Every structure is written in structure tokens, then in C-alpha cells.
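Just so you know, ligand 1 is whichever comes first in the structure, and atom 1 is the first atom listed for that ligand. As the structure is a computational prediction, the values presented were derived from the model and not from experiment. Along the sequence shown, residues carry numbers from 1.
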Amino acid sequence: MLLRMSTLFLRTLREDPADAEVPSHRLMVRGGFVRRAAPGIYTWLPLGKIVLENVAAVVREEMARIGGQEVLLPALLPREYYEASNRWTEYGDSLFRLVDRKGADYLLGPTHEELFTLLVKGEYSSYKDFPVILYQIQEKFRDEARPRAGVLRGREFHMKDSYSFDIDDEGLDRSYALHREAYIRIFDRLGLKYAIVSAMSGSMGGSASEEFLAETPTGEDTFVRSTGSDYAANVEAVRTPAPPALPIDGLPAAQVHHTPDTPTIATLVDHLNGAGLGRTFTAADTLKNVLVKTRAPGADDWEILGVGLPGDREVDLKRLEAVLHPAEVALLDEADFAAHPYLVKGYVGPNALLGNKHRYLVDPRVVEGTRWVTGADTPDHHVVDLVCGRDFTPDGTIEAAEVREGDPSPDGTGTLYAARGIEIGHIFQLGRKFADAFELDALGPDGKPRRITMGSYGIGVSRVVAAIVEQSHDDKGIVWPRAVAPADVHVVGTGKGEQIEVALRIAEELRDRGVRVIVDDRKGVSPGVKFTDAELLGVPTGLIVGKGLAQGVVELRDRATGERSEIPLDSAVDRVAGIVRADRG
Ligand code: ATP
Ligand code: MG
């Protein structure tokens, strides 16, 4: 490969685009890798397309290694398949929907479980046909609420999506493990620093599910790690360890107290501590009851849900939404309180909820035998020593409380701290959700039909490009790892005459040796501009043919380390080819 800057379809920019918040967006636009076409929709220019294909090539090699077979499904899909899986409804506003000339509904595929399931159903029918892993690399469409950061969160983006089909659960475990290994190899080869976190599987349902998060301060996903082990998890997936239950015998009886002007936990705690109750209270002794309403997909009615949690913790709405998904969640409004007068705002206790048949779920720390200060379901009154398991029995537990730095790690080792990342891949065991929806069966050895079990596995190929830039850049530009770089070497000819000719000759020799080359053969462009562009574009090796030519030397530059050295012109091609070969291993 040989790209000549004099004719390359590329205009680099000196200024940051106004809408760019993160380094990858800034640098990919300035370096002419992508151009915005519409919100969340990007064009890939020649250098960007090369990088995108380099990432895809690594993905393809590793998918092939685990026996994945590449196919290409349509992106334009009829509504009926997504009706069958209920995702026409579940996807809500994120789905791009359209209507054909006959009035039939279509959508642009956000992910392809439905059609892959139907595809396999159409071709395979015996247990002997399985297992099979199919994948594609294709544009996906999602009408994201907040497209942002260039190709990091696009409305049209490139995804590798694969699907495994197995005859039994052990098979699914194997297919899942194969993908996990393939993903580790892919992201290692791409030079990414990442964590594998257990995830909630959202609208997919199913059990085992892990996300690969590229660690960067600009990541949208917060996740937690343990100080004492390699435990890492999405905040949504953190399971609060429940303390052991306590004995109820001997606990004082619950007592209602007049607590005027205590609308907040802090004012309540102050009041209690001034009331001479013989002990000191903190916010953690109070049981805060947060009221929300939930609505199942497609349902008309909202249902009230009470969430009880220690008063020193806030509800984390994202965690709450994740556990209640696919139901919608909203806070109660004034009209809801007016319609349910037994719910006394600011003084709601467990019993008004339980007594009126509303679901009441508590934080896992609220175990049997714990005693609480909480609302007495009367204005200006709280109850002290309301004991869980004696005075109220919740309907169950819920993970709705915020996770805090310093909380014990769920695996029992160390404490949690926060990190940020970009979700670059996701693997999960779908189980039989889609096989059930489409009745995907195979005849077993006993002649009886067996329901197939599936996994689905995504990599955001376009997002990965941006994630690499997030992790690998400096104040001058991008620093591509060689595996994905748009070229191996950037040969720069400075000066007016001979240098450019020599640069071109070197570039051709390198190309003939299998090295991928960009050569800056532009005339009338200053050396300063050429060097600035080279740094911005981020090709790993630079070779400058400049003033030294008269003495028979050229300059070798390493983009990552910034090292520079003069080397004889005669050996330059050998030297560069050697560096590239060594890097490729
Ligand atoms: P996110 O939580 O970031 O919205 P997701 O969980 O909805 O992602 P999946 O359905 O798991 O995404 O899709 C598989 C992969 O596709 C993700 O791991 C991510 O790398 C990529 N991806 C998802 N949405 C986008 C997007 N809007 N733009 C670019 N890549 C995306
Ligand atoms: Mg995901």
C-alpha cells in the first residue's frame, strides 16, 4: 500500500471542531479520518476507512479461529419478526421505523437476533447440525437519545454481531467461553486496556453476561473494581452482600414520635438526637422510602412501588431502571399522592404500602432483625424501632441504592472503587428467549425435538476505533498501535526538489517489501506543516528525507516514544522494514 499525500483525499484541520468534547472525536475529525454527515452519523474518509478495516480484520481472524462463519444479513427488516420477539415494542424510541410504499412497517436493524434465529431455523433441523456460530460486520441503526463524541455513540455504527446456536446448556457455555477468549485476543491485539465486567443483560433477558470496557476517563460507563481482587462490575450489576439476620428477641417495641419540621433525613436525625431517646442516631439508622411507579411494556397502567433503603444512601436511578427493565420507571408526582391519600408525603412508612397492597422492596442491607426510624404514615410523625421481620415484612429486596467507594466488594475481598470505561464488547447467553419466540428446534438423537439455546455477542467496531484513540494520543495527535494504524511508515519529503523524489523512491521500495506507506510528496508545503500533519495522523514510524540528504542521511522517528535518530540513506529501507517486521511479530 502506498498513499501519496499530494493526491490523498484528505484535509487536516488546525482547529478543533466546535462540537467535540472528547479527544477521539477531536483528533479523528482534525486528522480527516471521519466527517460528520448528520447528528450521530459519520462518513469514513480514506484513512478512517483503512483503520476501520484493520480493526475488522483482527475481529475476522479471531472469529474464524473459534469457527465463526461470516454472513451478511439485511439491515432493512420487516416489523413482523420484531413483533414476534416483542422488541418492536421494547425498543421504544431507539428504533428507526419506516413504512414502505404499500404501507407495511419496517425497521433498520439495531441488532439481529430475530433474523439469525430464523436463518438457522430455515437451514438446520438435526442435532447433528449443531453447534454453529454465525457472525456479520454490518451497520447498525439506533436512534440514540444522546448521540455523542463522534463515532463513540453514533446513530449509525459498525458492529460485529455473532450468534451461537447450541443443542444444550453445556454447548452454550462452550460457545460463550470461546467468544470470551476470542474477545480477549481481539482487544489484546488491538492494544486496548480493558476490564471485563459482569453486566445486566437489559432487554435481552438471559443469564451470563459480560461487558468489555475500555478504561478511559471519558468513558460513559462507570464501573467498580475491588482493591483486593480482580472483581470488576458494572454499577448496575453490583449485588450488595446482605449482612446476616439479627435476633429479634429483646428488641424494644416500635414507638411513634411527634417529629414536626423534619422534612429531610438531616433534620430528622437532629430532632431525634435532641429528643433524649438515650442513644445517638445517624442517617444510617433511618429507613427512607422512595416511591416510584412502574409500567410494564405495552401496559396502560402504572403500578406503585415502594423502595426502602438506609437513609444515608441515595437511590441510583440507573440501577433501579436496570433491575426493573423492561418496565418503565417514574417518580410519583403530586397527582399520584392526591390519588393515594394514605401515602403521606415525607412520612411514608412500610405499612401504608404493604397494607394497601403496593409492592414494597428493600435494600439487601435491610435484613430481619434490623431496626429503623421511618415514616409513621401520619403527617409530622416518625416511628422508632420499627423492626424488619417483626413490624413489617417486605416483599423482597431490590438493588436500587447507590454503590459507594469503600463498600465491601461482593466477592468478599477488598472494597470497591470507581473507574470509567467505554463499552467495546458485550457477550451474553441469551438462552431460549429467541428460540422460543421463533420455535427453533432440532431433532435430538432420540427423535424428539430439542429447543436450541443461543448466545449473542457484539463488538462495536467503529466505537473501538475511537476507544483506541481515547487511550492512545498525546497533545499533538493520535498515536496508533501498528495493528490498526492507517500505515506503517510516514515518509516525509521536505524541500523543493530531490528530497521529494528520494522520499517517493524510498516509499515505493518499502511498498514493494510489503510495508504500508504514506508519503508526503506535497510540493510547496512547509516542513513544519508536514511534521504537524504527520504527528496528527499518528503513523507509528516516521522517516524524514530532508536537509541531511546531502550527507546521505535521513531521520527515523518513533511516534510513540518521540525518539529520533539519523540513519544512512542506504540502509533506511532495510531498517524500516525490519522495525515493521519485528512489530508484527
Ligand atoms: P451502550 O450501553 O453503550 O448503549 P449497548 O449495551 O446498547 O451499548 P449492545 O447492544 O451490547 O450495546 O451492542 C454491542 C456493542 O455495540 C456494544 O458493546 C458497543 O461496543 C457497540 N455499540 C452499541 N451502541 C453503539 C452506538 N450507539 N455507537 C457505536 N457503538 C455502539
Ligand atoms: Mg451492551
Can you check whether D16 reaches R30 side chain to side chain, under 4.5 Å on heavy atoms?
-> yes
Which of these passes salt bridge (charged side-chain N to carboxylate O under 4.0 Å, His left out) with K318: E236, E402, E399?
-> E236
Is G460 in polar range of ligand 1, meaning some N or O pair under 3.5 Å apart?
-> yes
Centroid separation Y82 to Y91 less than 6.0 Å | no
Should F157 be counted as touching ligand 1, given the test is an N or O pair under 3.5 Å?
-> no
List every atom of ligand 1 that sits less than 4.0 Å from any heavy atom of E144, numbering the atoms from 1 in the order shown and giving each element.
-> 24 (N), 26 (C), 27 (N)
Test of proximity, E423 against ligand 1: N or O pairs below 3.5 Å = yes
Taking non-hydrogen atoms only, is R142 closer than 4.0 angstrom to ligand 1 via side chain, backbone, both or neither?
-> side chain
Got a sec: does the CG of D93 have more than 12 other heavy atoms crowding it under 6.0 Å?
-> no
Are H158 and V465 close enough that some pair of their side-chain heavy atoms sits under 4.5 Å apart?
-> no
Determine whether the side chain, the backbone, both or neither of L152 has a heavy atom under 4.0 Å from any heavy atom of ligand 1.
-> backbone
Please confirm whether D161 comes under 4.0 Å of ligand 1, counting heavy atoms of the residue only.
-> no
So, is I424 polar-close to ligand 1, with some N/O to N/O distance under 3.5 Å?
-> yes
For ligand 1, is there an N or O atom under 3.5 Å from any N or O atom of R463?
-> yes
R404 and D312, any side-chain heavy atoms less than 4.5 Å apart | yes
Is there at least one pair of N or O atoms, one from S462 and one from ligand 1, spaced under 3.5 Å apart?
-> no
Below 4.0 angstrom from a heavy atom of M159, which ligand 1 atoms are there? Numbered from 1 as shown, please.
-> 13 (O), 14 (C), 16 (O)
Between the side chain of H426 and the main-chain N/O of G460, is any donor-acceptor distance below 3.5 Å?
-> no
Tell me, yes or no, whether the heavy-atom count around R584 atom CZ, taken from other residues, nucleotides or ligands under 6.0 Å, exceeds 12.
-> yes
